[in-house]
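Here is the structure we will look at, set down as structure tokens.
Note on naming: letters A, B, ... go to the chains in the order of the sequence lines (proteins, then strands), and numbering restarts at 1 for each one.
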Number of protein chains: 2
Amino acid sequence: MPEQAETLRRTPLSRDRILRAAVALADGAGIESLSMRNLAQELGVVPMALYKHVANKDELLDGMIDVVVGEIDPPEPDVDWKNAVRRRILSARQVLRRHPWAPLAIESRNMATPAILAYLNSMVGTFRAGGFSADLAHHVMHAMGSRILGFSQELFDASRRAGRSGATDPEPPAPLPPEIAARFPHLAEIAMAASHDDASVVGQGCDDQFEFEFALDLLLDGIERLRQQGWTSSHRPR
Amino acid sequence: MPEQAETLRRTPLSRDRILRAAVALADGAGIESLSMRNLAQELGVVPMALYKHVANKDELLDGMIDVVVGEIDPPEPDVDWKNAVRRRILSARQVLRRHPWAPLAIESRNMATPAILAYLNSMVGTFRAGGFSADLAHHVMHAMGSRILGFSQELFDASRRAGRSGATDPEPPAPLPPEIAARFPHLAEIAMAASHDDASVVGQGCDDQFEFEFALDLLLDGIERLRQQGWTSSHRPR
DNA sequence: ACCTGAACACCGTTCAAGT
DNA sequence: ACCTGAACACCGTTCAAGT
């Protein structure tokens with residue numbers, strides 16, 4: 001049936017189609033399933049065909065990162081710096097939640113991609129427009145670190161688990177085993193202490209969104225204080 | 001020469017000797033050079049011999065992480081919570097600088113190792129002894145995130161580059177190319193603004209230690225303020 | 001000129017054969 | 001019983017042969 005074969009080969013291969021398929025594969029099956037060979041098969045193509053559009057796997061990853069970063073909302077106009085930064089970072093966080101493989105991928109690549117540079121540049125612009133000196137803006141960007149891209153920076157992030165089931169896996173938070181609780185009593189205590197008065201969380205397990213915003217506001221409030229004080233790196237008023 | 005062969009086989013293989021050799025290999029040649037086969041060769045042993053002491057490569061990585069975390073200084077007694085936390089985290093940071101592969105390795109493993117749990121437990125203990133409620137201590141631990149282990153959490157960390165030359169590579173900070181500076185003027189501006197009055201830094205490039213302590217103190221100062229206010233998650237005084 | 005199958009140099013790990 | 005060589009099922013990428 002030659003017509004069916006025609007249909008299978010679909011649209012011709014392009015860099016864009018490769019990147020989108022790679023992102024979809026990493027989203028759905030986990031980043032560890034993303035091999036040049038698997039990706040080619042997904043596209044109904046021989047592995048070597050990919051190399052016409054991406055130089056190698058590292059460049060593929062860079063392209064995937066740019067696709068993800070491109071999903072972050074553009075800055076809103078006419079908003080004070082603090083809300084502008086806050087909303088943009090929370091948008092970045094929503095994007096990363098759709099692509100749980102992205103944080104590790106971004107951290108393991110050590111060159112900034114064009115889309116990331118554009119995002120960072122625009123974020124610095126928001127600080128500068130908000131009255132920050134270039135000096136303070138510099139240190140503030142460092143202080144935000146990868147949180148500026150929505151990374152929750154947890155030591156152990158359940159959402160990062162590269163399970164094959166992707167979004168279909170609710171993964172109930174495992175209550176920590178009794179022998180662990182006995183050996184590490186302080187950890188057991190704070191595990192129980194989380195939002196016990198919040199009906200939406202049953203006590204075990206954390207509200208990721210709450211924790212992210214808690215840390216974000218802690219930083220933004222401290223940053224606002226420095227700005228008001230006219231902080232400089234050579235002379236720190238206290 | 002049978003005696004020389006005897007010498008070559010040295011001390012008998014043990015889990016500890018494997019872990020130390022693995023850490024040394026990752027430190028010296030980069031984490032990408034750490035394969036079961038390479039490690040075995042380094043130890044003058046057939047690859048399969050390793051599997052008598054570690055179940056698989058993931059368990060090897062967990063063991064390496066525990067070796068690294070074990071190098072962090074124990075908590076000092078008779079110090080106020082803020083200085084206790086600060087010094088311990090700066091110690092962790094020094095450790096990570098000796099093992100640049102460790103941050104990514106820790107983040108890619110998603111189970112806490114015993115050594116990490118002990119470290120975190122002890123850190124929570126310091127907060128609790130300093131007068132923090134279990135509730136606030138919980139959120140504070142989340143807010144510190146992986147910074148609590150000394151991660152600098154930069155988006156692009158030159159020190160993380162897994163170069164083969166290890167510590168022998170000073171790697172002068174590349175001044176950002178003019179066409180990048182033109183496309184991202186805000187980034188160019190803050191790149192120049194860094195510690196221009198500090199003689200030890202030539203203008204280009206950042207003082208990692210300064211940036212780390214800047215962010216750390218920003219967090220610790222904000223945390224101290226919450227503690228003084230008697231912050232709780234159900235009722236936030238402002 | 002373009003495309004692509006086979007090949008190369010690696011992986012982690014299984015397994016059966018050897019001692 | 002222990003140890004280990006060969007084998008298996010993968011990688012990313014090169015390269016030469018085919019169209």
Spacing of [X] atom [atom1] relative to [N] atom [atom2], expressed in whole Å:
X	N	atom1	atom2	answer
A:Gln41	D:dC11	CD	P	9 Å
B:Arg37	D:dA6	CZ	P	12 Å
B:Leu60	C:dC11	CG	P	14 Å
A:Lys57	D:dT13	NZ	P	8 Å
A:His53	C:dC2	NE2	P	12 Å
B:Leu25	C:dC11	CG	C1'	15 Å
A:Glu32	D:dG12	CD	C1'	17 Å
B:Leu50	D:dG5	CG	P	13 Å

- Please confirm whether A:Phe127 and B:His186 have ring centers closer than 6.0 angstrom. no
- Query: What integer number of Å spans the C1' atoms of C:dT14 and D:dG12?
  - Reply: 23 Å
- Ion pair check, A:Arg88 and A:Glu76, cut-off under 4.0 Å: no
- Task: Indicate yes or no: does B:Arg37 engage B:Glu42 in a salt bridge with an N to O separation below 4.0 Å.
- Result: no
- Task: For C:dC10, take OP1 and OP2 only and decide whether either is under 4.0 Å from a side-chain N or O of B:Asn38.
- Result: no
- Distance check: side-chain N/O of A:Asn56 vs OP1/OP2 of D:dT14, anything under 4.0 Å? no
- Query: Base, sugar-phosphate alone, or nothing: which one does A:Met48 contact when heavy atoms must sit under 4.0 Å apart?
  - Reply: base
- Between A:Arg15, A:His53, A:Arg109, which is the residue that forms a side-chain hydrogen bond (donor to acceptor under 3.5 Å, both in side chains) with A:Glu59? A:Arg15
- Pairing partner (Watson-Crick or G-U wobble, both distances under 3.5 angstrom) of D:dT19: C:dA1
- Item | Residue matched to D:dC8 through Watson-Crick or wobble contacts both under 3.5 angstrom | C:dG12
- Item | Nucleotide nearest A:Tyr51 when distance is taken to its side chain, options D:dG12, C:dG12, C:dC3 | D:dG12
- Message: Check this for me: B:Arg98, atom CZ, are more than 12 non-hydrogen atoms of other residues, nucleotides or ligands nearer than 6.0 Å?
- Response: yes
